[in-house]
> 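Just dropping this structure here.
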Amino acid sequence: MLDINWIKANPAAFDAALKERKNVPFTASQLIEMDESRRTAIAAVEEAQAKRNALSKQIGQAKAQKDEARAQALMDEVAQLKDAIQAGEATRKEAEDKLRGALAIIPNIPLDEVPRGADESDNVEYFGRNGSPETAAKNRPARPTFSFKPKEHFETGEALGQMDFEVAAKISGSRFVVLKSHLARLERAIGQFMLDLHVDAHGYTEVEPPYLVKDDALYGTNQLPKFEEDLFFVPHGEGRLALIPTAEVPLTNFVRDSILSEDELPLRLTALTPCFRSEAGSAGRDTRGMLRQHQFNKVEMVAITTPEASGEEHEKMLSDAEDVLKQLGLHYRVMMLSTGDMGFGAQKTYDLEAWLPGQDTYREISSVSVCGDFQARRMDARYRDKDGKIRHVHTLNGSGVAVGRALIAVMENYQQEDGSVLVPDALQSYMKGLKSIGARS
RNA sequence: GGAGAGGUGGCAGAGUGGUCGAAUGCACCGCACUCGAAAUGCGGCGUGGGGGCAACUCCACCGGGGGUUCGAAUCCCUCCCUCUCCGCCA
């Protein structure tokens with residue numbers, strides 16, 4: 001949620017900044033007009049309320065003095081205000097709802113350094129603050145070479161008899177997978193390894209959050225009101241709960257409706273959870289394999305910071321995610337998303353794309369975003385700074401990383417010509433020392 | 001799921017229809033005393049919004065929503081949550 005006062009002060013910047021973002025339904029002048037109506041309505045109703053309060057106070061005094069005649073006269077007078085107040089309040093609510101509803105579907109303003117562009121073809125490769133293609137090549141795992149034609153993960157998995165889409169379809173339909181045996185264990189190992197890494201080496205607090213959340217929480221992290229069709233809901237009492245599409249939802253909402261003190265920041269949380277997405281708009285995309293599923297596991301990182309610290313925290317979070325891929329020996333690149341490719345709530349997003357030799361391409365395996373105070377305004381998450389001033393926090397979130405996609409990357413990068421898959425060094429202790437997953441395992 | 005009790009400021013805890021945004025204590029901030037600190041004394045100390053250059057002023061908020069009333073923290077309805085007991089249960 002953007003600040004209407006900021007829009008009022010910077011209408012041209014608002015219109016210019018959101019030009020590159022998709023589906024921005026309002027101009028600054030429209031929003032400013034809504035705000036004018038809102039404030040007019042507030043002024044009207046508050047004037048009537050002030051009058052009513054003053055008269056009511058006099059009634060109390062008159063009654064205390066046993067002056068019933070005067071009390072009655074005042075009561076008659078104030079009774080006439082009642083309709084005006086009720087009507088005024090309705091007008092006010094309508095005006096406020098209209099403005100809030102409009103602001104709720106307006107995406108965040110990209111930071112200046114974000115490349116302007118229409119879609120992912122305008123994304124720009126990123127090598128770090130002081131990085132270059134050379135330093136990146138030196139510091140990241142190299143792209144593997146193969147003496148045979150590498151297979152896609154589902155070919156390998158099905159040949160191993162440990163990845164089963166048919167059984168999954170029987171049980172749950174399309175976009176589900178069943179993992180078995182050592183591949184199931186490898187999936188578990190990857191998740192445990194990543195979670196441990198963020199907790200032990202990167203300073204995050206491990207969290208086991210609820211997987212079912214309320215609409216309010218979804219609103220706070222931007223899934224509602226605009227992206228309802230991407231979610232799974234279950235009925236609950238008179239209402240409903242949603243299955244989390246990402247642990248970002250429960251973790252970020254930790255700070256909803258609260259005023260933190262500055263020395264509690266930064267707050268760094270991580271969780272390994274299943275994620276549930278209906279993938280409503282992606283019919284026909286990535287239908288083969290387990291790249292795009294209705295359910296997958298993911299390790300999520302969330303950070304809550306001061307406005308001053310969020311930029312640096314974003315770089316840290318990126319490097320925390322990169323560390324996972326480095327330790328797993330997976331070749332990757334980092335893309336800074338263009339304005340047209342960024343998510344709704346982001347000010348700036350880095351995507352980590354792992355090299356998938358079976359697909360002969362890079363695929364997104366992590367997305368790390370800084371949201372500024374956009375979510376904080378929606379959640380009313382604030383902190384008291386050193387001078388006692390209350391300000392909105394900044395929020396960041398990033399995958400660290402998607403477990404299912406990491407499994408794909410491991411399977412494709414560590415595959416052998418005989419169809420077996422080597423276990424990366426970092427995972428062997430999680431696999432009881434197992435070094436290779438073969439057909440007989 | 002049933003019965004009962006409760007939800008008030010950072011915390012504890014008064015307040016059952018009018019001058020209550022709310023006593024008191026703790027915590028916190030400033031000042032005085034002190035070499036310094038403690039103790040003590042004095043003062044300050046909620047959030048959001050409207051108006052105003054400002055001083056300031058008005059409105060709303062006592063779990064959420066709705067209602068009664070000239071007037072609601074206080075009365076009524078409803079929902080949520082917490083606690084105790086019972087039932088069920090991984």
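Order of the sequence lines fixes the chain letters, A, B, ..., with proteins taken first and strands second; residue numbering starts at 1 for each chain.
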> Return yes if some donor-acceptor pair links the side-chain N/O of A/Glu206 with the main-chain N/O of A/Leu195 below 3.5 Å, else return no.
no
> What is the ring orientation for A/His202 with A/Tyr204, classed by angle as parallel under 30°, tilted 30 to 60°, or perpendicular over 60°?
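Taking A/Tyr204 first and then A/His202, their aromatic rings stand perpendicular (interplane angle over 60°).
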> With RNA chain B as reference, determine whether A/Lys51 or A/Arg38 sits nearer its 5' end, using the nearest nucleotide of each.
A/Arg38
> Could you state the CG-P distance from A/Asp257 to B/G64, rounded to the nearest angstrom?
11 Å
> Taking the same atom, C1', in B/A5 and in B/G71, what whole-Å distance lies between them?
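Their C1' atoms lie roughly 30 Å apart.
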> Taking the P atom of each, how far is B/A38 from B/C33, in whole Å?
15 Å
> Roughly, in whole Å, what's the span from CZ in A/Arg39 to P in B/A60?
20 Å
> Could you go over nucleotides 68-70 of chain B and give all protein N or O partners under 3.5 Å, atom names and distances?
residue	atom	partner	partner atom	Å
B/C70	O2'	A/Ser56	OG	3.1

> May I ask you to check whether over 12 heavy atoms, not counting those of A/Lys326, lie within 6.0 Å of atom NZ?
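Result for NZ/A/Lys326: enclosed.
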> Using a cutoff of under 3.5 Å, can you pull out all pairs of nitrogen or oxygen atoms linking the protein to nucleotides 56-58 of chain B, with atom names and distances?
none

> Please state the P separation for the pair B/G43 and B/G25 - nearest whole angstrom.
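12 Å, rounded to whole Å.
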> Counting distance only, does the side-chain N/O of A/Thr270 pair as donor-acceptor with the main-chain N or O of A/Met301 below 3.5 Å?
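Not at all, since once roles are kept as given, no pair shorter than 3.5 Å links the two residues.
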> Can a cation-pi geometry be assigned to A/Arg378 and A/Tyr219, taking NZ or CZ under 6.0 Å from the six-membered ring centre and within 45° of the ring axis?
yes
> Determine whether a donor-acceptor pair (N or O, by modelled atom type, separation under 3.5 Å) exists between the side chain of A/Glu228 and the backbone of A/Pro225.
no
> Expressed in whole Å, how much space separates the P atoms belonging to B/A39 and B/C29?
12 Å
> Is it true that atom CD of A/Glu33 has more than 12 heavy atoms of other residues, nucleotides or ligands lying nearer than 6.0 Å?
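Incorrect, the count does not exceed 12.
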> For A/Leu81, report the nucleic acid contact type (base, sugar-phosphate, nothing); a contact means any heavy atom under 4.0 Å.
nothing
> Given that both distances must come in under 3.5 Å, which nucleotide forms a Watson-Crick or G-U wobble pair with B/U24?
B/A12
> Please check: side-chain N/O of A/Asn108 versus main-chain N/O of A/Gly345, any donor-acceptor pairing under 3.5 Å?
yes
> How would you list all residue pairs meeting ring-ring contact (aromatic ring centres under 6.0 Å, His included) that involve residues 367-397 of chain A, not counting sequence neighbours?
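Qualifying pairs: A/Phe344-A/Phe374.
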